[in-house]
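Scroll down for the structure; my scribbles are underneath it.
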Amino acid sequence: TGPHGRVVKADVDAAIAGGGAKAAPAAKAPAAAPAAAAPAPAKAMSDDQVLKLFEEGSYELIPHDNMRKTIARRLVEAKSTIPHFYLTLDCELDALLALRSQLNAAAPMKKTDKGEAPVYKLSVNDMVIKAMAMALKAVPDANASWTESAMVKHKHADVGVAVSIPGGLITPIIRHADEKTLSTISNEMKDLASRARSRKLKPEEYQGGTTAVSNLGMFGIKDFAAVINPPHATILAVGAGEERAVVKNGEIKIATVMSVTLSTDHRAVDGALGAELLVAFKSLIENPMGMLV
């Protein structure tokens with residue numbers, strides 16, 4: 001009660017008489033500033049909002065079938081929940097193309113209803129599938145799937161291959177692709193793609209898998225980034241092989257080059273691990289005899 005809030009004798013006497021000092025009431029904490037409201041997630045335009053942008057009668061409405069709805073749902077889920085990370089490099093194809101020609105020329109013949117036909121006819125994509133599978137076996141930490149409780153480390157390389165079908169896309173799987181010969185992969189892929197286009201695949205033939213390959217090179221696409229197909233942690237996007245000028249030993253040479261982009265789930269495959277996988281893939285593509293051992 002003293003000047004400027006000082007304690008004086010009267011204060012001490014009063015405290016003794018009152019049985020001791022009493023805690024001063026706690027200063028009222030300043031009201032916390034209201035937390036900034038989290039921005040509401042952006043909402044897609046409604047059907048009516050979209051249609052109002054176009055002149056009535058200038059369009060036709062084609063309802064989504066179940067396949068298109070499923071594809072849309074899974075793509076939104078993948079891009080919303082998987083932190084995508086992209087790695088791109090170029091692979092020279094000349095050695096692979098030469099080996100492919102030799103193997104196809106050496107293919108034995110078989111009798112068919114239409115005469116004789118080779119037992120197999122390898123495509124570049126068949127060799128890409130094999131190389132991706134062998135790369136995963138060489139870099140086993142990248143052959144994984146993410147779950148919230150654990151990392152799923154796969155013992156086999158099961159490669160899904162994106163196949164375009166009327167009204168959508170499906171990814172039949174070459175199981176144990178690392179253990180199969182190129183001719184087996186080629187024939188199995190032709191059968192799966194044929195039955196995929198006629199919608200005769202069994203669920204176990206397109207569900208699961210440990211990685212995927214999407215090839216748009218046949219359309220002349222140079223490079224692109226594919227969306228990961230859960231539960232995979234990687235997908236390889238393959239561009240067209242084209243003649244490019246490359247520098248070798250200080251000289252400009254012409255080489256057939258293919259650009260590939262690996263999309264990875266950054267939760268399961270970090271940048272360095274993804275790079276190691278892609279380098280292993282490139283080594284197999286540029287030294288394709290390794291796929292025959």
Side-chain angles (χ1 to χ4, degrees), residues 70-91 93 124-148 151-154 156-165 168-174 177-178 189 196 206-242 257-286:
T70 300
I71 291 172
R73 176 179 55 78
R74 287 181 61 81
L75 286 173
V76 170
E77 175 188 350
K79 288 295 284 185
S80 301
T81 63
I82 297 176
H84 282 59
F85 183 82
Y86 307 101
L87 299 162
T88 301
L89 54 66
D90 296 333
C91 304
L93 290 181
V124 170
N125 205 50
D126 298 329
M127 303 179 85
V128 165
I129 294 167
K130 176 72 171 180
M132 186 62 177
M134 292 184 67
L136 283 173
K137 293 297 286 186
V139 188
D141 285 347
N143 194 23
S145 295
W146 172 268
T147 71
E148 293 301 326
M151 195 77 75
V152 182
K153 294 286 291 292
H154 301 290
H156 305 289
D158 299 333
V159 182
V161 183
V163 175
S164 178
I165 62 176
L169 183 76
I170 197 165
T171 310
I173 299 165
I174 304 292
D178 55 302
M189 192 63 238
Y206 59 84
Q207 293 178 352
T210 68
T211 190
V213 168
S214 180
N215 191 339
L216 293 178
M218 66 286 293
F219 298 106
I221 300 301
K222 182 176 180 179
D223 62 75
F224 66 104
V227 179
I228 295 169
N229 183 30
H232 303 166
T234 56
I235 184 170
L236 187 71
V238 181
E242 58 182 7
V257 179
M258 171 181 75
S259 294
V260 295
T261 297
L262 182 72
S263 303
T264 77
D265 181 342
H266 213 326
R267 300 170 300 178
V269 179
D270 294 325
L273 182 59
E276 188 179 350
L277 175 64
L278 207 51
V279 167
F281 171 84
K282 174 184 173 75
S283 178
L284 286 160
I285 291 294
E286 296 186 347

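These figures come from a predicted structure and were not determined experimentally.
- Residues Asp141 and Met151 have side chains not in contact (no heavy-atom distance under 4.5 Å, counting atoms from C-beta outward).
- With sequence neighbours excluded, the residues that form a ring pair (Phe, Tyr, Trp, His ring centres under 6.0 Å) with Phe85 are His266.
- Partner of Thr234 under the side chain to side chain donor-acceptor pair (under 3.5 Å) criterion, chosen from Thr211, Asn143, Asn229: Thr211.
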Val161 and Ile129: CA distance, side-chain angles, deciding distance, side-chain contact (heavy atoms from CB on, under 4.5 Å) verdict: CA-CA 8 Å; Val161 183; Ile129 294 167; 3.5 Å; yes
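- With hydrogens and angles ignored, the 3.5 Å screen pairs a side-chain donor or acceptor of Lys282 with a backbone N or O of Asp90.
- We find the CD1-CZ distance between Ile71 and Arg73 to be 10.5 Å, quoted to the nearest 0.5 Å.
- Asp178 meets the side-chain hydrogen bond (donor to acceptor under 3.5 Å, both in side chains) test with no other residue; sequence neighbours excluded.
- Contact of the Leu169 side chain with the Val163 side chain is not registered, since no non-hydrogen atoms from C-beta on lie closer than 4.5 Å.
- Shown here for Met189 and Asp126, the closest heavy-atom pair between the two residues is CB-OD1, 4.1 Å.
- When every heavy atom of Pro230 is checked against every heavy atom of Ala78, the shortest pair comes out as CD-CB, 4.1 Å.
- The shortest distance between side-chain heavy atoms of Tyr206 and Thr171 does not fall below 4.5 Å.
- Side-chain contact check for His154 versus Val152: some heavy-atom pair is nearer than 4.5 Å.
- Asp158 contributes atom CG, which lies 10.0 Å from atom CD1 of Ile174 (distance to the nearest 0.5 angstrom).
- Counting heavy atoms from C-beta on, the side chains of Thr210 and Leu136 come closer than 4.5 Å.
- Judged by distance alone, the side chains of His232 and Ser145 never bring a donor and an acceptor atom under 3.5 Å apart.
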Met258 vs Val260, side-chain contact (heavy atoms from CB on, under 4.5 Å): CA-CA, chis, key distance, verdict: CA-CA 6 Å; Met258 171 181 75; Val260 295; 3.8 Å; yes
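- Atom CG of residue Leu278 and atom OG1 of residue Thr88 lie 8.0 Å apart, to the nearest 0.5 angstrom.
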Step-by-step side-chain contact (heavy atoms from CB on, under 4.5 Å) determination, Met132 to Leu277: CA-CA 9 Å; Met132 186 62 177; Leu277 175 64; 4.1 Å; yes
Test log, rule side-chain contact (heavy atoms from CB on, under 4.5 Å), inputs Leu262 and Tyr86: CA-CA 6 Å; Leu262 182 72; Tyr86 307 101; over 6 Å; no
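- In this structure, the side chain to side chain contact (heavy atoms under 4.5 Å, CB included) partners of Asp265, at least two apart in sequence or on a different chain, are Ile82, Pro83, Trp146, Ile228, Ala233, Arg267.
- Counting only distance, with no hydrogens or angles, the side chain of Asp270 and the backbone of Ala272 share no donor-acceptor pair below 3.5 Å.
- For the pair Phe224 and Thr261, the minimum side-chain heavy-atom distance is 4.5 Å or more.
- When side chains are defined from C-beta on, Ile173 does not count as touching Val159, because their heavy atoms never get closer than 4.5 Å.
- In this structure, Ser283 contributes its side chain and Val279 its backbone to no donor-acceptor pair below 3.5 Å.
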